[in-house]
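Report on the following structure.
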Amino acid sequence: MKIRLPFPVTTSDSSGPSHVDVNQLIRSVAFEFLKNAPTRLFYTQTGILCNRDAQISHFVNSQQYTRLLSSCITCDPNRQTALIHAAVSEYFQYAMFSHRWGAGEPLLRDVEGRDIYGMSTMRGFVKLQAFCLRAFEQQYLWAWSDTCCIDKDSSVELQEAIGSMFAWYRRSSLTIVYLSDVPDTCSFDTSEWFRRGWTLQELLAPQRILFFTQSWSLYKELTSSNHKTDGLVLKELERTTGIEARFLTNFSPGMDDARSRLQWASSRRTTRPEDIAYCLLGIFDVYLPILYGESAEKALGRLLTEIISRSGDISVLSW
């Protein structure tokens with residue numbers, strides 16, 4: 001005998017996503033996205049350095065995650081993946097720091113597990129605090145500094161960081177450049193920042209840059225959202241660096257104009273002599289083992305050999 005129930009019976013719909021399925025998908029997309037970002041990032045709201053697990057934890061406990069989860073449960077399954085990718089990439093936007101190293105720069109061991117906003121007022125810490133605050137003011141939750149976000153005691157991590165540095169700056173949503181030797185009312189053309197080797201890729205790689213002066217004021221009080229596309233700044237950059245505007249605003253790593261790229265670096269200096277070769281790896285999009293202790297001549301010789309091998313341009317020998 002067939003019994004009619006006075007209420008509807010709900011059954012699981014295998015075609016509809018469950019909370020567990022969506023949670024797993026979101027976490028998977030987030031971890032995949034973060035593979036192409038720096039391993040450690042400062043959470044600018046708290047000033048605490050986070051590894052990838054901590055970054056994911058912040059995301060999972062955020063309002064953005066709650067809204068995303070709700071949207072994914074109710075949206076068209078065909079839109080789900082695109083929705084997750086958009087939300088993850090927006091949440092994990094990060095700012096990169098570019099500056100001239102000075103005395104008392106904090107290292108990884110100085111900041112791990114600590115709130116940098118409540119730490120020392122020594123010069124290096126103050127600079128790091130100001131950078132993270134500027135990133136937060138620009139509405140970025142995540143920030144990276146080369147002084148303390150890399151374990152420089154690990155040769156493996158150092159090799160990975162140097163090999164990934166150009167890509168990290170390229171993928172950043174903002175690069176904050178601090179010019180510690182430029183007073184508010186002066187031009188930046190004499191700044192030591194333009195004489196250093198590593199800052200060349202930190203100028204070329206980012207899509208968006210803001211320059212800050214000695215007092216952490218925006219350069220010339222310019223309110224444009226990107227100083228690389230500001231006409232006034234772009235002319236100054238061309239004059240100061242000798243690099244054409246087309247490269248400054250739309251640079252592609254690789255072997256094109258190899259000799260010109262080497263010439264851009266010819267007047268720049270690095271603290272460790274061999275870094276003059278390593279700082280150019282991202283610009284030429286080449287991989288070389290990092291061998292600290294070798295001479296600058298040997299490091300440059302390895303780099304030039306790779307450039308000639310791939311480009312066939314022997315003119316680079318006379319850069």
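Residue numbers run from 1 in the order of the sequence given.
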| remark: dist F97:CZ -> S172:OG (nearest 0.5 Å) comes out at 13.5 Å
| field | Chi angles and distances behind the side chain to side chain donor-acceptor pair (under 3.5 Å) call for D275, T270 | value | CA-CA 6 Å; D275 272 340; T270 55; 5.3 Å; no
| query | Does the side chain of R171 pick up a donor-acceptor pair with the side chain of Q93 at under 3.5 Å? | reply | no
| query | How far apart are the C-alpha atoms of T241 and R268, what are their side-chain angles, what is the distance that settles it, and do they pass the side-chain contact (heavy atoms from CB on, under 4.5 Å) test? | reply | CA-CA 10 Å; T241 64; R268 291 171 178 258; 4.3 Å; yes
| Just by distance, do the side chain of Y117 and the backbone of Q129 share a donor-acceptor pair under 3.5 Å? | no
| said: With a 4.5 Å cut-off on side-chain heavy atoms, are I26 and L68 touching? | reply: yes
| request: With the side chain counted from C-beta on, respond yes when C50 and W142 share a heavy-atom pair under 4.5 Å apart, and no when they do not. | output: yes
| task | Run the salt-bridge test on R302 and E294 with the 4.0 Å N-O cut-off and return the result as yes or no. | result | yes
| Shared hydrophobic cluster, Y91 / M96 (ILVMFWY, side-chain heavy atoms < 4.5 Å) | yes
| field | Salt-bridge present (E105, K127; N to O < 4.0 Å) | value | yes
| message | With clusters defined by side-chain heavy atoms of hydrophobic residues (ILVMFWY) lying less than 4.5 Å apart, directly or transitively, does L133 cluster with W216? | response | yes
| How many angstroms lie between OG in S225 and CG in L210, if you round to the nearest 0.5 Å? | 7.5 Å
| task | For residues P289 and Y278, report the shortest heavy-atom separation together with the two atoms involved. | result | O-CE2, 4.4 Å
| note | Of all heavy-atom pairs linking L303 and A277, the shortest is CD2-O, 3.8 Å
| Side-chain donor-acceptor pair present, D146, W101, cut-off under 3.5 Å | yes
| Looking only at atom types and distance, does a side-chain atom of S311 sit under 3.5 Å from a main-chain N or O of I307, one as donor and one as acceptor? | yes
| field | pair F247-W264: side-chain heavy atoms closer than 4.5 Å | value | yes
| query | With side chains defined as the heavy atoms from C-beta onward, is the minimum distance between L108 and E112 less than 4.5 Å? | reply | yes
| Is the ring centre of F59 less than 6.0 Å from the ring centre of F92? | yes
| request: Start with the C-alpha gap between W168 and N36, add the side-chain angles, then the distance that decides, and say whether side chain to side chain donor-acceptor pair (under 3.5 Å) holds. | output: CA-CA 7 Å; W168 290 347; N36 295 316; over 6 Å; no
| Would F212 and F131 count as a ring-ring contact (aromatic ring centres under 6.0 Å, His included) if you check the C-alpha gap in whole Å, the side-chain angles of each, and the deciding distance to 0.1 Å? | CA-CA 10 Å; F212 287 84; F131 158 63; 9.6 Å; no
| task | Drop me the distance from L83's CG to S71's OG, to the nearest 0.5 angstrom. | result | 5.5 Å
| query | Between L232 and W193, is there a shared hydrophobic cluster once you connect ILVMFWY residues whose side-chain heavy atoms come closer than 4.5 Å? | reply | yes
| message | Before we go on, tell me: are the rings of F211 and F188 under 6.0 Å apart, centre to centre? | response | yes
| task | Could you tell me whether the side chain of K228 and the main chain of N250 form a donor-acceptor pair under 3.5 Å? | result | no
| task | For the residue pair I283 and L200, establish whether any side-chain heavy-atom pair is separated by less than 4.5 Å. | result | yes
| field | Pair S224, D230: side-chain N/O donor-acceptor within cut-off below 3.5 Å | value | yes
| task | Verify, without hydrogens or angle tests, whether S266 (side chain) and Q263 (backbone) share a donor-acceptor contact under 3.5 angstrom. | result | yes
| Is there a side-chain contact between Q138 and R208 (heavy atoms, below 4.5 Å)? | yes
| field | Flag, side chain of E238 to backbone of A245, donor-acceptor distance under 3.5 Å | value | yes
| Any side-chain heavy atom of M165 within less than 4.5 Å of one from I150? | yes
| When rounded to the nearest 0.5 angstrom, what distance separates CH2 in W198 from OG in S98? | 12.0 Å
| message | Which heavy atom of A258 sits nearest to which heavy atom of F284, and what is that distance? | response | O-CZ, 3.6 Å
| said: Could you tell me if R52 sits above the aromatic ring of F31, with its cationic atom closer than 6.0 Å to the ring centre and no more than 45 degrees from the axis? | reply: no
| query | So, the side chain of Q159 versus the backbone of L288: is there a donor-acceptor pair under 3.5 Å, distance only? | reply | yes
| Neighbour count >12 (heavy atoms, 6.0 Å) for atom CD1, I314 | no
| said: As a quick check of understanding, evaluate side chain to side chain donor-acceptor pair (under 3.5 Å) for T199 and R100, giving each step before the final call. | reply: CA-CA 8 Å; T199 58; R100 170 81 195 281; over 6 Å; no
| query | Looking only at atom types and distance, does a side-chain atom of T305 sit under 3.5 Å from a main-chain N or O of G301, one as donor and one as acceptor? | reply | yes
| Do R196 and T271 come within less than 4.5 Å of each other through their side chains, counting heavy atoms only? | yes
| Derivation of the side chain to side chain donor-acceptor pair (under 3.5 Å) call for S187 and E236 | CA-CA 8 Å; S187 173; E236 288 190 65; 2.9 Å; yes
| Exam field: side chain Y65 to backbone I56, donor-acceptor pair closer than 3.5 Å | no
| request: Taking N226 for its side chain and I209 for its backbone only, find out whether a donor-acceptor pair lies under 3.5 Å. | output: yes
| field | R269/E192 salt bridge by N-O under 4.0 Å criterion | value | no
| Which value, rounded to the nearest 0.5 Å, describes the distance between I48 atom CD1 and F42 atom CZ? | 10.0 Å
| Shortest non-hydrogen separation from Q201 to G282 and the atoms involved | OE1-CA, 4.0 Å
| Nearest heavy-atom neighbours spanning A135 and A95 | CB-CB, 3.9 Å
| query | Going from CG on L41 to OG on S145, what distance comes out if it is rounded to the nearest 0.5 angstrom? | reply | 11.0 Å
| field | For the student: nearest non-hydrogen atoms of T175 and Y169, plus distance | value | OG1-CD2, 3.5 Å
| said: Checking the side chain of R261 only, and the main-chain atoms of G254 only, is there a donor and an acceptor separated by less than 3.5 Å? | reply: yes
